[in-house]
Structures are given as structure tokens and as C-alpha cells.
Amino acid sequence: MTWSRFKTHRYHHSELGLSLDLSRMPFPDDYFAGMEPRMQSAFAAMKALEGGAIANPDEQRMVGHYWLRAPQFAPDPALAKEISSTLAAIGEFTAKVHAGEIAGPKGKFKNLLVIGIGGSALGPQFVSHALGRPRKDKLAVSFFDNTDPDGIDYVLDALRGQLAKTLVLVISKSGGTAETRNGMLEAIAAFKAARLEHAKHFVAVTGAGSKLDATALAEGWLARFPMWDWVGGRTSELCAVGLLPAALQGLDIQGMLDGAAAMDAVTRSHVTRDNPAALLALMWHFATDGRGAKDMVVLPYKDRLLLFSRYLQQLVMESLGKEHDLQGNVVNQGIAVYGNKGSTDQHAYVQQLRDGVNNFFITFIEVLKDREAKTALEVEPGVTSGDYLQGFYLGTRDALSEKDRHSITITVPDVSARSIGLLIALYERAVGLYASLVGINAYHQPGVEAGKKAAGGVIALKLRLAAAMQAAPGEFHTAEEWSARLGDTAHTQTEHVFKILEHLAANRSSGVKMRARQPWHASRFACKG
């Protein structure tokens, strides 16, 4: 890696305050020229998308997350008005909560519980962690982001005695997402147990006319905010999904929107060398041979960006992980994403990155500003903790380059609302452009729906099994025998039957007992008589 190559392949935009160093990706000199026709096609597809083109023909759905920070670009004035009016409503509602005009039975709300999953949790969690200041935040935020009972109890335990001052956001576009519905029901039960009227604490962020919308309306919840079918979960941080919890926490949501809008303006350029999202997409294509041949390791050297890799896992993997291309050919595309933070990773998996299997490329994220304090403690004469952090980043990058491990570096000035908006918009655009380069639809997720359908089948089997056991109380049978009683003579579902029985027996509330036997599959199960 030479100074000359660094000068040539470091992109810097002074107004954004963002740099993108490509010099440690060993693409050949003619790479950009060879990819230019495909890049121009990707630009054209992106322009059509922003103009309101149908992104998912089977759903007749547009994709308009870019309009969220620039409503004037929405293809329909009515959409632009909805975006602006929703932002205004978020501001009005938040101001009333902070002023105590909307409050609980014991005064101002002090806590915020966000119930959602996937994009309805990952974005808000990332932003909350990146920008929050526990002693300065207007509301302390916690999350139900799974249907794990123990995880729910963990959060509720921290809120014990504080539910009277807790505001709850339930976020689900359809209102039928099982994990979010379960979390909502668990929260309602907790409020009832505390003798509180949950409707006076609950707010819905959902699609108009959804199950959740109907419930919130019927029960008289505090407020309802919209989710639109043209905003996917993984790109929803800058609509009510992410803006409402961030505003309630007291974060600068306008700063995020302004940062995203500024990045969008730059990444609309059709000049490849001037477009950081295009450069990022091209590096992904080079690193993975355009077919996901290598994983993406995200290493932010900043504690506040710890959750960025989790956020990017959904944005990148749900967008790019596709079985078919746009022509219906089987391509099995995707880029796996993982990461934690530096320099923590130097004491974890960087050993393998340097000396193990070379099946990845790295994105380092460097933050120039160390801390808010005006003075810095010197841990050695002339050296601060922040100097060490930079030293570990630069040293790790060199150590990996020595072993032919390739990397990209993104540099931002600080961790601020504007910088977070910049990063969100940069990666949203890069994902869309890369998808065009490899010929897939970044805005569809049939695999997610397949998983939900399969989970529903397991629940239906559990109910059938429970009914059969309740009809024969006290009768102990093996999993094979119970499966046969359900008509599964070929034992195609016996594995699931065994796993359901094992789970039931581990939870006393189920009323199922197990008599362990050897071998393990001879164990017998019965419902209490």
C-alpha cells in the first residue's frame, strides 16, 4: 500500500466531512472503466426507483425511503404531505410528553419501552445507543425485540415499580407480526398486574387499517403514527419507526434527516468517482466477485457504533440475500455481515482474520473526534486513550494488509445525529446500487415470509399435540407414538413432535411430564391427569 495509491483512491467530501479509503482494495487500474456500463445502468434504476417506479411487481409496491428526508421528491404531492405531517405530529406529540401534558397517572413519563422486531427494533436500538446520553436523555429507553419470555422478564424487572411512568411504543406495519404481538400482550399483562390502564400508556406505529391500528383505535391508545407500505422495515429508521423513539429519548431527529438528505444529494450523482455509495458498491462487487464469495466484517473503532454491524446485518443481508435474480435464474446471492467494535476485536477474532481462512473483507469505521470533554487525560506523556484507539485501528489495518487481507475505511468526523444520518443513507444507497450490479431485487424478502409460515406450522402442530395429550391425560408415550396418534405414520414430523414435547416438559406451566429413558428417544411424555 503506497502513498500514491492512497492519494488516488481516497475519496473525500469536505461538506459531508466523510472520507472513503479504497486504497487497500487491490482492484486493477481498469476496474472502474470495465464496470462503468453496469454502474450507469444501476444509476438509471436508482433514479427510476426514486421517481416512484414499482420495485416489487408482485406486490405493486414502490420503495420510497429516500423521500422520508426529502418529501419534495415524492412522486405524489399527497405522499409528500403525509411525510411532512407525520414529522410535525411526531414533534407535537413529543413536546407534549416532555412537557408533561401527556403523562402517566403519577406524572411525567420517565421511561420508554419500544416493542418491535427486525427493522422496527434494530434501527431504533442502534440510534439510541449511538446518540443517547443516559443522564441527559428525556426518557430512558428499553426494548422488547424478541419473543423470548426470559428476555421480556429481564426488561420488565428493570421497569418494576416504574410502569406508571412508562410510555410504550408498539411498532408493527401489519400488526400481525407474532413476536411484536406477543411482546405487546406481555406488556399489557404487566400493566394490568400493576393495576394500570395500558391504553393510557400505549402508542402504535403501524399501517393504516392494520390489526394493530384497529386495536389502538378501539382501546383508545394515546396516539397512532403511520407506517407506509412503500417503506421496508430495514429502511424505516427515518420514518416514525425510528424518529418517534429517538425524539422521545430527546435525540436530534432533524439532524439525522439533514445528514441523510445531504448524503442522498451527493449519492444521486451519476459520476462514479464522485459518488461514495457507488464506490462502496463497486468495492463490495470486487471483494466478493459479485456473488458473495467473501463476508463483510464491519469494525467501527467507536463504542457508540457497536450496534452498527447488527443494523447492517439486516440492511445488507435481507436486501441482498436472494435465491433468484430479476430474470428468475437461481443465483443464491448475498453478502454475510458480522462485526463488533475495535479495539475489542483485537482481543477476539482478529487473530483468525489475520492468520486464518481468508474469506472476508473489512470495513473499518474511523471516528475522528474522541470525546465531548474539552480536555483529554494523558495516559502516557503526550498520549491519550483516543490516540491508542487510533493506533490500534491503524496497526490492525497494517497487520491485516501484510497478510493480503483487504479493507475499506470510512472516516466520519464524530458520532452525531448528522453523521448517523450520513451513514444510514450511504449504506441504503450502496445496497440498492449493488443489487442492480448483480441483477437482484433488493426490496423483496420472500425468505422471511417462508420462515414465518414455517413457524406457524410448528405452532399449529403444538396445538394439535396438546389437544391429543389433554384427551388422554396420564398416558405416557414416546414422541414416535404421539406423532403416530396425530396421523403421522411416516414420522415426517416426529422430530418436531419430540422438540415440542421436550420444551413443554421443561416448563411446569404446560402440565406435561417426561419420564427420561435410555436411549433418549425412548423417553415418554404425558399430560397431567
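Of the N and O atoms on the side chains of Asn56 and Asn441, at least one donor lies less than 3.5 Å from an acceptor on the other residue. In summary, the side chains of Glu380 and Tyr388 do present a donor paired with an acceptor at a separation below 3.5 Å, with no hydrogens or angles considered. Between Asn182 and Thr147, the side chains place a donor N or O and an acceptor N or O closer than 3.5 Å (distance only, hydrogens not considered). Side-chain contact check for Arg61 and His444: no donor-acceptor pair (N or O, by modelled atom type) lies under 3.5 Å. For Glu179 and Asn146, the side-chain atoms include no donor-acceptor pair closer than 3.5 Å. In this model, a donor atom of one side chain and an acceptor atom of the other lie less than 3.5 Å apart for Asp387 and Thr384. Using modelled atom types and a 3.5 Å distance limit, the side chains of Ser401 and Arg24 yield a donor-acceptor pair.
Separating the CZ atom in Arg5 from the CH2 atom in Trp3 is a distance of 14.5 Å, to the nearest 0.5 Å. Note: Leu212 CG to Ile115 CD1 = 10.0 Å, rounded to the nearest 0.5 Å. Separation of atoms SG (Cys239) and CG (Leu68) is listed at 5.5 Å; rounding is to 0.5 Å.
Classified by interplanar angle (parallel below 30°, tilted 30° to 60°, perpendicular above 60°), the ring pair Phe93/Phe225 is perpendicular.
Contacts classified as salt bridge (Lys or Arg N to Asp or Glu O under 4.0 Å) and involving residues 416-426 (residues at least two apart or in different chains) are not found.
Listed by chain and number, the residues in a side-chain hydrogen bond (donor to acceptor under 3.5 Å, both in side chains) with His12 are Ser19 (sequence neighbours excluded). Considering only residues two or more places apart in sequence or on other chains, Ala140 meets the side chain to side chain contact (heavy atoms under 4.5 Å, CB included) condition with Asn111.
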Side-chain donor-acceptor pairs under 3.5 Å in residues 227-234, sequence neighbours left out?
unit_1, atom_1, unit_2, atom_2, d
Trp228, NE1, Glu82, OE1, 2.8
Arg234, NE, Ser319, OG, 2.7
Arg234, NH1, Glu318, OE2, 2.7
Arg234, NH1, Gln445, OE1, 2.7
Arg234, NH2, Ala442, O, 2.7
Arg234, NH2, Gln445, OE1, 3.0

Counting only pairs under 3.5 Å, give me each side-chain donor-acceptor contact of residues 422-439, with atom names and distances, residues two or more places apart or in other chains.
unit_1, atom_1, unit_2, atom_2, d
Glu428, OE1, Arg69, NH1, 3.0
Glu428, OE1, Arg69, NH2, 2.7
Arg429, NE, Thr267, OG1, 3.1
Arg429, NH1, Glu50, OE2, 2.8
Tyr434, OH, Thr288, OG1, 3.3
Ser436, OG, Gly432, O, 3.4

With a 3.5 Å cut-off and sequence neighbours excluded, list the donor-acceptor pairs that the side chains of residues 248-257 form with protein atoms.
unit_1, atom_1, unit_2, atom_2, d
Gln249, OE1, Ser128, OG, 3.1
Gln249, NE2, Ser128, OG, 3.4
Gln249, NE2, Asp137, OD2, 2.9
Asp252, OD1, Gln254, N, 3.4
Asp252, OD1, Gly255, N, 2.9
Gln254, NE2, Asp258, OD1, 2.8

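When ring centroids are compared, Phe360 and His406 stay outside the 6.0 Å threshold. Aromatic ring centroids of Phe73 and Tyr66 lie 6.0 Å or more apart.
Counting heavy atoms of neighbouring residues, nucleotides and ligands inside a 6.0 Å radius, atom CG of Asn329 exceeds 12 of them. Within 6.0 Å of the CZ atom in Arg273, the count of heavy atoms belonging to other residues, nucleotides or ligands exceeds 12.
When each of Phe361, Phe32, Tyr31 is tested with Phe286 by the rule ring pair (Phe, Tyr, Trp, His ring centres under 6.0 Å), just one qualifies, namely Tyr31.
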Exercise. Yes or no on ring-ring contact (aromatic ring centres under 6.0 Å, His included) for Phe392 and Tyr301, after CA distance, side-chain angles and deciding distance?
Worked result: CA-CA 9 Å; Phe392 284 129; Tyr301 272 69; 8.2 Å; no

